[in-house]
Amino acid sequence: MDDRLFRNTMGKFATGVTVITTAVEGVPYGMTANAFMSVSLTPKLVVVSIGENAHMNSRISKAGEFGVSFLAEDQKDLSMLFAGQVKENQKVEFKWLNNLPVIENAIANLTCKVYNTHVEGDHTLYIGEVTDFEVVEGNNPLVFYEGKYQEIH
Ligand code: FAD
């Protein structure tokens, strides 16, 4: 089975776009991720899947907690920034929720305590127990499909 064909096939699954955040010694960090899923209602669990080369692994390990922000359709620039696709350093003013940095004006923000981790292949699955959440009504989500950003009309 060909890697490129596999990636293209997985790209046929349309997703939202999140920024996974955490803070180490008060310094905020973010990383774009679309491998996010809601897992359980009781307790409230979510999962994110992070590649083995991402700096975010050591940061979440140190912090023991992370945030998830669902990006709005006008936040593509933030997705590109936190995916390392923008070369210039940019200052981002995070909003703080439950002592974790999250993205201002995202559609929804969650804060999570690491509940479990599973190393599977070249990714680590972080199961997070939701400790707080907020939602902003009225915005459409940023969508990722076939390797491109899309909007809902
Ligand atoms: P870094 O390389 O340290 O950070 C990433 C970027 O964010 C850098 O450019 C950095 O300057 C910037 N940044 C971080 N913190 C701040 C801050 N406080 N202020 C300003 N800028 C900051 N990878 C996965 O593992 N799982 C996924 O599900 C996933 N989904 C993706 C979905 C999309 C749509 C895209 C575009 C990429 C996705 N990626 C995913 C790839 C992932 O976003 C990149 O590999 C990312 O660069 C890895 O980040 P890092 O943890 O190594 O952190």
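Whatever order the structure lists them in is the order used to number ligands and atoms, beginning at 1. Note that the structure is a prediction, hence the values are computed from the model and not measured.
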Residue pair Y29 / T21, side-chain donor-acceptor N/O under 3.5 Å
no
So which heavy atom in the protein is nearest atom 16 (C) of ligand 1, and how far is it from that ligand atom?
F82 CE2, 3.6 Å
Just to confirm my output: which protein heavy-atom neighbour is closest to atom 49 (O) of ligand 1, and how far is it?
M31 CG, 3.4 Å
Strictly inside 4.0 angstrom of atom 9 (O) of ligand 1, do you find any protein heavy atom?
yes
For atom 19 (N) of ligand 1, grab the closest protein heavy atom and report residue, atom and distance to one decimal in Å.
Q90 O, 4.0 Å
Does F94 have a heavy atom less than 4.0 Å from any atom of ligand 1?
yes
Connected via hydrophobic side-chain network under 4.5 Å: F144 and F82:
yes
Pick whichever of H55, E93, E52, Q85 has a heavy atom sitting closest to atom 50 (P) of ligand 1.
H55
Work out whether the distance between some heavy atom of M80 and some atom of ligand 1 is less than 4.0 Å.
no
Pairing donors with acceptors under 3.5 angstrom, does anything connect the side chains of T111 and T131?
yes
In terms of residue, atom name and distance, what is the protein heavy atom nearest to atom 26 (N) of ligand 1?
S49 O, 2.9 Å
Using a 4.0 Å heavy-atom threshold (strictly under), name the region of K91 that reaches ligand 1: side chain, backbone, both or neither.
neither
Establish, from distance only, whether the side-chain atoms of N57 and Y126 form a donor-acceptor pair under 3.5 Å.
yes
